[in-house]
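Please read these numbers as outputs of a predicted model, since none were measured by experiment. First listed ligand is number 1; within each ligand, the first listed atom is number 1. Any value given below was found using the heavy atoms of this structure, including those in side chains, with hydrogens, waters and symmetry copies removed. By convention here, the first residue in the shown sequence is residue 1.
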Amino acid sequence: MSLYCGIVCRRKPFWCYRLLSTYVAKTRYLFELKEDDDACKKAQQTGTFYLFHGLAPLLQKSEHQYLPPQHSLSELERLLDKFGQDTQRIEDSVLIGCSEHHEAWFALDLGLNSSSSINAALQKPEIERALQGSFIELRKALFWLNVKDASLLSTAQALLRWHDAHQFCSRCGQPTEKNVAGSKRVCPASKSIYYPQMAPVVITLVSDGTRCLLARQSSFPKGMYSALAGFCDIGESVEEAVHREVAEEVGLEVERLQYSASQHWPFPNSSLMIACHAAVKPGHTEIKVNLRELEAAAWFTHDEVVTALKRNDPYTQQQNGTVPFWLPPKLAIAHHLIKEWVEKSTCSTVPA
Ligand SMILES: NC(=O)C1=CN([C@@H]2O[C@H](COP(=O)(O)OP(=O)(O)OC[C@H]3O[C@@H](n4cnc5c(N)ncnc54)[C@H](O)[C@@H]3O)[C@@H](O)[C@H]2O)C=CC1
Ligand SMILES: [Mg+2]
C-alpha cells in the first residue's frame, strides 16, 4: 500500500521518503542519486561496491553457491592503497541499485583502463588473492548465481562496458565525462549528452499448433537450439520486426503474435529482449533456412522439448558421440518462452 499522500516537504529532496511506499521511496532515492552528483558522492560513503576485472565479476564460493562480495568505500580505498593505486579510480564506479534501506550499490572495474586515474589496470591474480575470490566470466557466472545477483551483475557489466566504450564524443572527438552515478556522459566541448543504450531485439517462438520451431547459429554451443531472435531495424515496430525476422531466417509468415515478457541481456552488448509467441498459417510449415544467419532450424514436438528441458548437463555426450539437443539455460528469456509454450500446449491452449 502506498503511504504517499501528496504532502510536499520543504526539505530537500522535494518529497519526503517517509511518506512513500518502500518501492516508491527506493526509486525516488535512485532518481535523486542519478540527478545530483553531491548526493551520489555522499551515498558512496555509506554504500557498497561490487568489483569487476575486465568486465568479469568477483565471486566468492560459499558452501554450494557463488556470491558476489560487497566492499565498503574504506575497504576499497585500503585495497587500492595496498596496490599503489590512487583512490581517484573510484570515480569510475557506476550506480547499479540500492537496498530497501537506501544503501547504494556501485560497481567498479579494476581491470579496465581508468579514465579518472593515470595508474595502469590492476593485475587480476594479485587482487583475487587479496580478496579471496575469483573474477569469473559473466556468461559462466550466470549458471551459478541466484536470479537477483545475476540481474544486478548483468546491469553492472552492461553499464561498465558502455562507459568503457563511450569515452570520446562522437561529434567532436573530445573526451566525455561521466556524472557520478554513471547514468550519462557529457562532452564539455560540444555539450552533447550521451545516455547508456540497449538495442531492442525480438525473440519469437513460432508454433504450428502441435510443434515449435527452434534454430541454431554456428556460434551456439554444440547441440543447443533456441527461439528465433533478431535486432529491430530502425523505424520498425516490434510486430514488424517479428514478421521480418521470421521471414528472413526461416522463410515463413506468422500471425497471431502474443507478447510474453522482456529481459535485459548483456551479451555481447546490451539488448532489450522482447519475447513473443507467434503461429504459422495452417499447412504453411515448410522451413527455408537462411544459411547466412542460421546453421539449422527444425520443428520439435512437445515430447522432444519436454525431454530437452529436463536435460541438466547438456555437455554429456551420447554413447554414439553426438551431443543431444538441449535448450538455453533458465536465466535466458528463450528458456522462459519455450517453457511457457510447453505449459500452454499441455493445457491444449497453445497459440494454434
Ligand atoms: N536471452 C536470450 O534468451 C537470447 C538472447 N539472444 C541475443 O539476441 C541477440 C540477437 O540475436 P541474433 O540472432 O544474433 O540477431 P540477428 O538475427 O539480427 O543477426 C545478427 C546480425 O544482425 C546485424 N545487426 C543489426 N543490428 C545490430 C545491432 N544493434 N547489434 C549487433 N548486430 C546487429 C549484424 O549484422 C549481426 O551480425 C544476440 O545478441 C543474442 O545474444 C539470442 C537468443 C536467445
Ligand atoms: Mg537471428
Side-chain angles (χ1 to χ4, degrees), residues 55 137-143 145 147 149-155 157-158 161-162 164-166 170 194-207 212-254 257-278 287-298 300 305 308-309 311 314 325-342:
L55 298 174
E137 202 198 324
L138 188 60
R139 267 187 199 271
K140 278 191 202 149
L142 286 186
F143 284 92
L145 293 166
V147 175
D149 287 338
S151 162
L152 195 66
L153 295 184
S154 296
T155 303
Q157 194 210 49
R161 181 191 285 113
W162 182 83
D164 186 48
H166 289 80
S170 60
Y194 298 93
Y195 295 98
Q197 287 174 337
M198 294 191 283
V201 171
V202 288
I203 175 157
T204 313
L205 188 64
V206 179
S207 166
C212 73
L213 198 163
L214 299 168
R216 53 171 282 109
Q217 296 179 9
S218 52
S219 58
F220 283 6
K222 267 192 185 153
M224 193 189 88
Y225 278 73
S226 186
L228 300 173
F231 290 94
C232 293
D233 276 352
I234 198 140
E236 249 178 0
S237 66
V238 167
E239 292 83 350
E240 286 166 338
V242 168
H243 286 288
R244 179 187 51 75
E245 273 298 329
V246 177
E248 228 173 70
E249 299 198 343
V250 291
L252 290 169
E253 288 193 38
V254 286
L257 268 53
Q258 268 179 19
Y259 170 77
S260 168
S262 66
Q263 172 191 53
H264 167 249
W265 190 244
F267 315 113
N269 288 305
S270 266
S271 297
L272 176 62
M273 306 294 304
I274 305 153
C276 300
H277 291 279
I287 299 169
K288 294 186 190 77
V289 180
N290 181 344
L291 293 172
R292 287 179 70 170
E293 300 236 12
L294 299 175
E295 187 181 83
F300 291 85
V305 175
L309 281 172
R311 216 158 255 143
F325 150 60
W326 60 286
L327 296 164
K330 283 198 177 83
L331 284 163
I333 201 160
H335 186 101
H336 161 85
L337 257 184
I338 295 165
K339 209 161 160 249
E340 200 171 53
W341 177 81
V342 163

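Environment of CD in Q197: sparse, with no more than 12 heavy atoms of neighbouring residues, nucleotides or ligands closer than 6.0 Å. Within 6.0 Å of CD in E248 there are more than 12 heavy atoms belonging to other residues, nucleotides or ligands.
Within a 4.0 Å radius of atom 12 (P) of ligand 1, the protein contributes at least one heavy atom. Within a 4.0 Å radius of atom 23 (C) of ligand 1, the protein contributes no heavy atom. Protein heavy atoms are absent from the space less than 4.0 angstrom from atom 36 (C) of ligand 1.
Between the side chains of H336 and S260, at least one donor N or O lies within less than 3.5 Å of an accepting N or O.
Smallest separation of non-hydrogen atoms from A227 and T204: CB-O, 3.4 Å. Considering all non-hydrogen atoms of both residues, A150 and L331 come closest at CB-CD1, 4.0 Å. The minimum heavy-atom distance between L228 and V250, with the atom names listed, is CD1-CG2, 3.7 Å. Heavy-atom minimum distance, L55 versus R161: CD2-N, 3.8 Å. Of all the heavy atoms in L294 and Q217, the pair that sits closest is CD2-CG, 4.1 Å. W162 and P196 get closest at one heavy-atom pair: CE2-CA, 3.4 Å.
For the ligand labelled ligand 1, residue Q217 lies inside the 4.0 Å heavy-atom shell. Within the structure, ligand 1 lacks H336 among the residues with a heavy atom less than 4.0 angstrom away. Under a 4.0 Å heavy-atom criterion, H335 is not in contact with ligand 1. At a 4.0 Å cut-off, not a single heavy atom of P328 sits close enough to ligand 1 to count as contact.
Both the backbone and the side chain of I333 come within 4.0 Å of ligand 1, counting heavy atoms alone. Only the side chain of I203 comes within 4.0 Å of ligand 1, judged by heavy-atom distances. The backbone of F267, and not its side chain, has at least one atom closer than 4.0 Å to an atom of ligand 1 (non-hydrogen atoms only; backbone = N, CA, C, O).
Proximity to Q263 (heavy-atom distance under 4.0 Å) selects the following atoms of ligand 1: 1 (N). Close contacts of ligand 1 with P268, meaning ligand atoms under 4.0 Å from a residue heavy atom, involve 39 (O). Of all atoms in ligand 1, listed by their number and element, those nearer than 4.0 Å to a heavy atom of E245 are 17 (O), 18 (O). Atom numbering of ligand 1 starts at 1 in the shown order; those under 4.0 Å from a heavy atom of G230 are 15 (O), 16 (P), 17 (O), 18 (O).
Between the Mg ion (ligand 2) and the N, O or S atoms of E249, the shortest distance is to OE2.
Of the inter-residue distances, the one linking H264 atom NE2 with M198 atom CE reads 6.0 Å to the nearest 0.5 angstrom. To the nearest 0.5 angstrom, W326 atom CH2 is 9.0 Å from R216 atom CZ. Here the NZ atom belonging to K339 is positioned 14.0 Å from the CG atom belonging to L205, to the nearest 0.5 angstrom. Atom CG of L213 and atom OG of S207 lie 9.5 Å apart (nearest 0.5 Å).
Between E293 and ligand 1, at least one pair of N/O atoms sits closer than 3.5 Å. Between E249 and ligand 1, an N or O atom pair is found at a separation short of 3.5 Å. Some N or O of F231 is nearer than 3.5 Å to an N or O of ligand 1, by distance alone.
Residue contact annotation: A229 places an N/O/S atom under 2.8 Å from the Mg ion (ligand 2). E293 lies apart from the Mg ion (ligand 2) in this respect, since none of its N, O or S atoms is found at a distance under 2.8 Å.
The protein atom (non-hydrogen) at minimum distance from atom 4 (C) of ligand 1 is M273 CE, 3.7 Å. For atom 42 (C) of ligand 1, the closest non-hydrogen atom of the protein is A229 CB, 3.7 Å. When hydrogens are left out, the protein atom nearest atom 3 (O) of ligand 1 is A334 N, 2.9 Å; that is the closest non-hydrogen contact.
Classification of the F300-F325 ring pair by plane angle, with boundaries at 30° and 60°, yields parallel.
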